[in-house]
Amino acid sequence: MYLHNTASGRKEFFEPENPTRVTMYVCGPTVYSYAHIGNARPAVVFDVLARVLRRVYPKLVYTRNITDIDDKINKAAAAEGVAIGVIADRYAAAYHADLEALGVLPPDFEPRVTQHIPHIIAMIETLVANGHAYAAEGHVLFNVPSYADYGQLSKRDPRELLAGARVEVAPYKKDAGDFVLWKPSTPEQPGWDSPWGRGRPGWHIECSAMAAALLGDTIDIHGGGHDLVFPHHENERAQSTCAHGGKTFARYWLHNGHVTMQHTKMSKSVGNILLLRNLLQQAPGEAVRLALLTAHYRQPLDWDDDTLPEARRKLDRLYGALRDVGPVDRVAGEAPQPFFDALADDLNTPAALAVMFELARELNKAETADDKARLTAQLRDAGALLGLLQQDPAAWFGANHEDAEIDTLIAARNAAKNAKNYAEADRIRDTLKQQGIVIEDSAQGTRWRRA
RNA sequence: GGCCAGGUGGCAGAGUGGUUAUGCAGCGGAUUGCAAAUCCGUGUACGUCGGUUCAAUUCCGGCCCUGGCCUCCA
């Protein structure tokens with residue numbers, strides 16, 4: 001397949017270094033509050049990528065970290081008077097619950113920073129020893145000018161970065177662009193003993209250390225939100241490359257676009273944050289997931305009041321085609337080639353979804369049992385790759401539960417219909433409609449669904 | 001200011017140097033007691049001004065506009 005590599009700025013044919021162990025590392029959340037819809041996008045996008053890659057490379061090792069030591073977590077913990085682990089555990093659990101609702105499969109590894117402090121310290125020691133980092137006033141800093149390729153990933157000129165640095169330059173920095181690998185903790189702050197005193201890791205070093213510990217010096221794919229390109233990933237790349245004797249850190253860099261509202265990035269100061277847990281009260285997780293796959297992953301995705309209802313209607317149509325055909329063994333048929341082609345072209349989910357709607361139309365028209373079984377299997381298999389359409393259609397339409405009251409009313413309506421008492425039949429139908437129940441007469445009899 | 005994306009029909013959203021994206025909404029028809037669902041048909045869509053070309057929404061250049069990164073950030 002082809003993937004857009006941020007490092008080169010173009011689509012490249014994806015070829016793993018080792019097909020029997022394909023490695024992917026995605027930057028996960030800092031768990032200091034509930035996840036918002038923007039946090040869900042990379043989780044869903046890279047979940048789809050993992051599903052697709054596994055078809056070709058069953059030995060994919062997918063790692064998505066949780067950052068559980070960070071100043072925002074410290075702040076939240078201090079405000080509540082609890083240990084940082086309490087905050088981290090609470091929001092990590094909430095994150096998992098939200099992602100499960102979205103049908104996101106767990107990654108193979110989900111490392112936490114606090115479990116990798118020794119790896120982090122060891123990597124910093126290596127960087128100090130080989131001249132890429134230095135200790136100063138309890139801090140350890142990466143010396144940016146020591147890495148000639150710095151800025152290549154984010155296409156920035158390091159000289160301009162240094163000259164135009166907006167942030168106040170700490171006096172202990174050798175060069176303005178130098179960034180922190182390790183910083184000292186006050187007695188109240190969480191910290192670990194290190195060769196440089198009691199302290200805690202800087203933000204960027206964690207991913208370098210954990211990726212190396214779990215996946216190796218060179219990984220195939222590194223993903224995350226677009227805003228991580230600089231400085232986070234640029235710094236990771238510098239650290240890892242310099243700690244590993246110049247070996248390539250990540251071979252393909254993938255970055256997803258942001259979820260926006262009114263074409264503007266969500267931000268706390270603007271107050272336009274959409275929490276996943278709130279959205280999940282408005283619509284099934286599957287609808288949220290489909291909404292996130294509606295646009296190509298690198299494009300911005302503008303979220304408004306119609307996004308979820310629209311996604312829901314799309315699922316109504318797809319599940320509608322799967323009704324009445326009965327359960328079908330998924331291995332009986334695979335998604336059609338155009339579907340795979342779409343995903344193989346830099347994960348073009350909108351084009352892949354278009355193929356699914358075409359399958360749905362064919363399925364609606366299919367007359368023979370063979371055609372129905374084949375198309376159902378194809379549609380289900382396509383859905384499996386996107387993490388959609390895996391539940392019973394009746395469950396999707398909310399009609400999987402026996403409901404005596406509704407059944408009684410439908411029976412009464414049918415009796416009225418048979419007696420050609422259409423006024424009474426329509427009255428009953430309107431009554432149900434007011435309860436949010438839509439009647440559908442079909443060849444298989446009368447069925448209902450929740451509007 | 002530097003760098004990077006993007007401007008497609010009523011809305012969402014792919015894509016392409018000459019031929020149908022797809023979904024929703026609308027309109028017409030079929031089916032239906034009426035509906036719903038489904039099927040069929042239906043839209044002078046490609047920011048703007050130039051250039052290249054037999055032919056550009058698609059390539060090139062200018063301009064306008066929008067968003068992102070440059071500070072924590074998915």
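Not measured: the values here are computed from a predicted model. Reminder, nothing fancy here: chain letters follow the sequence lines and each chain counts from 1.
With C1' as the reference atom, B:G1 and B:G51 are 30 Å apart, rounded to whole Å. Straight-line distance between the P atoms of B:C63 and B:G2: roughly 12 Å, to the nearest whole Å. Rounded to a whole angstrom, the distance from the C1' atom of B:U20 to that of B:G43 is 13 Å. A distance of about 11 Å separates the P atoms of B:G18 and B:U58, rounded to the whole Å. For the C1' atoms, the distance from B:C49 to B:C64 is 10 Å, rounded to whole Å. Taking atom C1' on both nucleotides, B:G68 is separated from B:U44 by 35 Å, rounded to a whole Å.
Atoms CE (A:M261) and C1' (B:G67) sit 16 Å apart, rounded to a whole Å. Computed from coordinates, the A:R298 CZ to B:G68 P distance equals 18 Å when rounded to whole Å. When rounded to the nearest whole Å, the span between CZ of A:F357 and C1' of B:G13 equals 11 Å. Atom CZ of A:R313 is separated from atom C1' of B:G23 by 10 Å (rounded to the nearest Å). Between A:L343 atom CG and B:A14 atom P there is a gap of 14 Å when expressed in whole angstrom units. A straight line from CG of A:L290 to P of B:G13 spans 13 Å, rounded to a whole angstrom. At whole-Å resolution of the value, CG in A:L318 and P in B:U22 are 14 Å apart.
Pairing for B:G28 goes to B:C40, judged as Watson-Crick or G-U wobble with the two contacts each under 3.5 Å.
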Report summary line: With sugar-phosphate taken as primed atoms, P, OP1 and OP2 and all else as base, the protein-contact string of nucleotides 26-39 of chain B at under 4.0 Å (heavy atoms; B, S, -) is -------BBBBSSS
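The closest donor-acceptor contact from the side chain of A:E110 to the backbone of A:N65 lies at 3.5 Å or more, if one exists at all.
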